[in-house]
Engineer: 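I'd like to ask you about the structure that follows.
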There are 4 protein chains.
Amino acid sequence: MHRGNRHGRSEAARQAVLDAADDLLAERGFAAVTVEGIATRAGVAKQTIYRWWPSKVDILLEAFTQDMAEHLFPPDEGDLGTDLRAHLHRLALFLTESDPGAVLRALTGQAQHDPELATRLRTDYLGQQRERDRQPLLRAIERGELPADLDVDLAVDELVGPLYYRVLVTGEPVPREFTDHLVQRFLRN
Amino acid sequence: MHRGNRHGRSEAARQAVLDAADDLLAERGFAAVTVEGIATRAGVAKQTIYRWWPSKVDILLEAFTQDMAEHLFPPDEGDLGTDLRAHLHRLALFLTESDPGAVLRALTGQAQHDPELATRLRTDYLGQQRERDRQPLLRAIERGELPADLDVDLAVDELVGPLYYRVLVTGEPVPREFTDHLVQRFLRN
Amino acid sequence: MHRGNRHGRSEAARQAVLDAADDLLAERGFAAVTVEGIATRAGVAKQTIYRWWPSKVDILLEAFTQDMAEHLFPPDEGDLGTDLRAHLHRLALFLTESDPGAVLRALTGQAQHDPELATRLRTDYLGQQRERDRQPLLRAIERGELPADLDVDLAVDELVGPLYYRVLVTGEPVPREFTDHLVQRFLRN
Amino acid sequence: MHRGNRHGRSEAARQAVLDAADDLLAERGFAAVTVEGIATRAGVAKQTIYRWWPSKVDILLEAFTQDMAEHLFPPDEGDLGTDLRAHLHRLALFLTESDPGAVLRALTGQAQHDPELATRLRTDYLGQQRERDRQPLLRAIERGELPADLDVDLAVDELVGPLYYRVLVTGEPVPREFTDHLVQRFLRN
DNA sequence: CATTAACCGAGACGGTACGTCCAGTCTTAGC
DNA sequence: GCTAAGACTGGACGTACCGTCTCGGTTAATG
């Protein structure tokens, strides 16, 4: 059944590992994400895991990157407020409700102990995500809705910072009223 | 050297454990904070640790709470802008530069994998800290600088959220310009 | 139930390990004597095994030494032929039929790949055994049954060599006729 | 480099495997004789090994059989004492000094854990060797030097048994005096 | 003279056992 | 009664080989 051969790795094994890691995280928490557990659940040998991933966080990182790939492109309705409200709300749902969001929270947690992972996480995910976060603002500048000299990065920090803060620090829910309020305060300025 | 006696726990042992945990975290990172490592470094038996702390995160939590206790009381200069700027800057320094800040980052990271720790962290630290964060705003309301119906919690999220976001997520520095800018934007509203 | 404490190791664990190793060898052969298998069967943690024994052959060596301790003291009936016949027969039974004999065969086999084990085996067992093998001859010399200038070591080689040869090399049985014949040939000289 | 063809196995690969196994045993001991190690050293695929040999001991067995093939034919000088002394001395040298002797010792060791190998070893080697060992005696019987009713097998056990015993068990050297002495004692009877 | 079957190397695969590290529990002797 | 010491079970770590399995390339008899 397995497809090990000179043409390279088994896609079936790869996917089974990623799925197993995801499932273990979702069902039993980060502490249950062990290489042995993944191997058993995926029906894969440990060596196969170590052959392709340096550590278990690399598995989660790949699983996350794959799952998250097409998500979170901000909508473009032609109105800054509409776009921002929709985007922040979707980001909040992603972080608090989705499986890849749970993986991201776990990885962000682990990154506090592991600078190398922190760097990788920023390279692999945050860079792209911030680019997506900037889109509504950049389009608004083009449309003249926002001044051309706006500090976009600062604006992004103001908009998404409180959201991540709730998710990662206070653990409070992030209802639509909250994200809408953030947008409202931002626009009033 | 050990101070076995029938009169209660050894304060020397307690402090040695807390110091050892702090030092290990600072010098060799969270992964090096093991109960055995702490015991060896502190010159203490593992059992002594387990007698007084349920787990290693409890040690860090206690070490952190002790170190952090008197810090971060927001100044009261009688002016909202001045107070907020000073407070946010000190918070930023605390989170990014201080040893207890490093412990807090590590604990916050661990809390992403450990809901029980998350709860404890909020109880033991965040509650108090948020109260301190609210002080400048409450005083400003009393002074009439801010409207009485201000949603203070939301305002705190707006002010400190971007700061934690930089510390925990993007890893970017948090210079005084950044915190000043946050205050400026907040006050302009 | 376990008795780990500062006074030293658990005798129960020690004996369980030795028994498990013995049993595995007897029941399922040398290939089944794995540290993990011993640990499981003995109801002991692997770490406990590695704490006290450097390798699995050390376990077998200790098990063997303990089992073999009081065996094989040659009889003293006051007659060389009688004593030698009895001693060789008992040695043959020990090597071919007994559990410690099976362990010795396995260790002797392993010693062919492991010079250090070979040395240990000679120190721990063969030295004593050869001393026992010499006893009947020495007593016969004292009684005047054998010349005082007899090369005792050579005589031992002649007497037991063919026996070990059958056991270890040809695998033929070692019946009483065979050992009796060896003695007869030796005495006729 | 490889010689794939439809007409049978590659002799080059076969010989490379046998040499690699021999060399590994001689240089790094039995524990280093692994199928992977042999394959790497021989520049051969593991599959090629498994195609032709059921296990690594089969490789050693074949290597040994090939190396040993023409050795050890007992001389025929027409005198029993002369022939036996020469034959035992050559056997001692073979077992203690030669490369195939080292392989035989390793195989004999392994055979203590592996009854199937023991059987094969007796079939492939010991049978022939014992036949060679019997030759000097049979010729002496024909010449009338020994009685016709001599138990030849027993005599062989007496002559070579002590030699194997020293090689496999006590590890003592087997000098010419020793083998000569065995012959002398045998002839005196 | 092109096909094509038998053999080759390479190497991924599911497994088992290795020897290590740490978690968390337990027992004892000393102060 | 608390302490240091340290043995204990348990479980995950990362590594080494096992024996099995494709695969693409090489070669030589066959068609």
Side-chain angles (χ1 to χ4, degrees), chain A residues 1-10 12-14 31-40 42-52 54-56, chain B residues 1-10 12-13 31 34-37 39-40 42-52 54-56, chain C residues 1-10 12-14 31 33-37 39-40 42-52 54-56, chain D residues 1-10 12-13 31 33-40 42-52 54-56:
Chain A
M1 166 51 91
H2 68 87
R3 313 248 110 230
N5 59 43
R6 76 180 314 183
H7 305 298
R9 68 192 292 188
S10 158
R14 177 180 161 275
V33 181
T34 64
V35 174
E36 299 220 316
I38 294 170
T40 300
V44 144
K46 278 168 66 181
Q47 186 55 46
T48 298
I49 296 181
Y50 285 109
R51 179 152 35 229
W52 300 111
S55 76
K56 70 187 180 192
Chain B
M1 181 18 126
H2 72 87
R3 316 258 11 98
N5 63 61
R6 57 197 317 177
H7 307 297
R9 71 191 289 188
S10 158
T34 65
V35 173
E36 298 214 318
T40 300
V44 144
K46 276 168 68 178
Q47 186 54 41
T48 300
I49 295 181
Y50 283 109
R51 181 152 27 233
W52 300 111
S55 78
K56 70 187 181 190
Chain C
M1 165 50 91
H2 69 84
R3 313 249 110 228
N5 60 44
R6 75 180 315 184
H7 305 298
R9 66 194 292 188
S10 158
R14 178 180 160 275
V33 181
T34 65
V35 174
E36 299 218 317
T40 300
V44 144
K46 278 167 67 180
Q47 184 56 45
T48 297
I49 295 181
Y50 283 109
R51 179 151 36 230
W52 301 111
S55 76
K56 71 186 179 192
Chain D
M1 172 37 117
H2 70 87
R3 317 246 98 241
N5 65 62
R6 65 188 310 182
H7 306 297
R9 68 192 291 189
S10 158
V33 181
T34 65
V35 173
E36 299 216 317
I38 294 169
T40 301
V44 144
K46 277 169 68 179
Q47 185 55 42
T48 300
I49 294 182
Y50 283 109
R51 183 154 29 232
W52 301 110
S55 77
K56 70 185 180 191

Engineer: Classify the side chain of D:Gln47 and the base of F:dC21 as holding, or not holding, a donor-acceptor pair under 3.5 Å.
Structural biologist: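 Side chain to base: pair present.
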Engineer: Assign D:Gly37 to base, sugar-phosphate, or nothing according to its heavy-atom contacts below 4.0 angstrom with the strands shown.
Structural biologist: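 No contact.
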Engineer: Below the 4.0 Å mark, does E:dC8 have OP1 or OP2 next to a side-chain nitrogen or oxygen of D:Arg51?
Structural biologist: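 D:Arg51 to E:dC8 OP1/OP2: side-chain N or O found under 4.0 Å.
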Engineer: Using a 4.0 Å heavy-atom cut-off across all strands, classify C:Thr34 as base, sugar-phosphate, or nothing.
Structural biologist: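 Sugar-phosphate contact only - C:Thr34 comes under 4.0 Å of backbone atoms but never of a base.
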Engineer: Which sits closer to the 5' end of DNA chain E, C:Lys56 or D:Ala42, going by the nucleotide each is nearest to?
Structural biologist: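 In this pair, the answer is D:Ala42.
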Engineer: Tell me if a side-chain donor or acceptor on C:Lys56 pairs with a main-chain N or O of C:Val33 at a distance below 3.5 Å.
Structural biologist: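 Yes, C:Lys56 side chain to C:Val33 backbone: donor-acceptor pair under 3.5 Å.
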Engineer: Does D:Trp52 have a side-chain nitrogen or oxygen under 4.0 Å from the phosphate oxygens OP1 or OP2 of E:dC8?
Structural biologist: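 Yes, such a contact exists.
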Engineer: For DNA chain F, whose closest nucleotide is more 5', that of A:Tyr50 or that of D:Ala31?
Structural biologist: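 Per heavy-atom nearest nucleotide, the more 5' residue is A:Tyr50.
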Engineer: Output the single nucleotide from F:dG10, E:dG9, E:dT20 whose closest atom is nearest the side chain of C:Ala45.
Structural biologist: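 Nearest to the side-chain atoms of C:Ala45, counting from C-beta on, is F:dG10.
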Engineer: Within 45° of the six-membered ring axis of C:Trp52 and under 6.0 Å from that ring's centre, is NZ or CZ of C:Arg9 located there?
Structural biologist: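 So C:Arg9 does make the cation-pi contact.
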Engineer: Figure out the CD/P separation between A:Glu36 and F:dG10, and round it to whole Å.
Structural biologist: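 So the CD-P distance, A:Glu36 to F:dG10, works out to 16 Å.
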Engineer: F:dT3, E:dG14, E:dC18: which one has an atom nearest the side-chain heavy atoms of B:Thr48?
Structural biologist: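 Within the option list, the nearest is F:dT3.
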Engineer: Ignoring hydrogens and angles, are the base of E:dG14 and the side chain of A:Lys46 linked by a donor-acceptor pair under 3.5 Å?
Structural biologist: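 A donor-acceptor contact between them is absent.
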Engineer: On DNA chain F, does the nearest nucleotide to C:Gly43 precede the nearest nucleotide to D:Ser55 from the 5' side, or the other way round? Give the residue.
Structural biologist: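 First, find each residue's nearest nucleotide; the 5'-ward one identifies C:Gly43.
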Engineer: Just compare E:dA23, E:dG14, E:dG9 and give me whichever is closest to any side-chain atom of B:Val35.
Structural biologist: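 That would be E:dA23.
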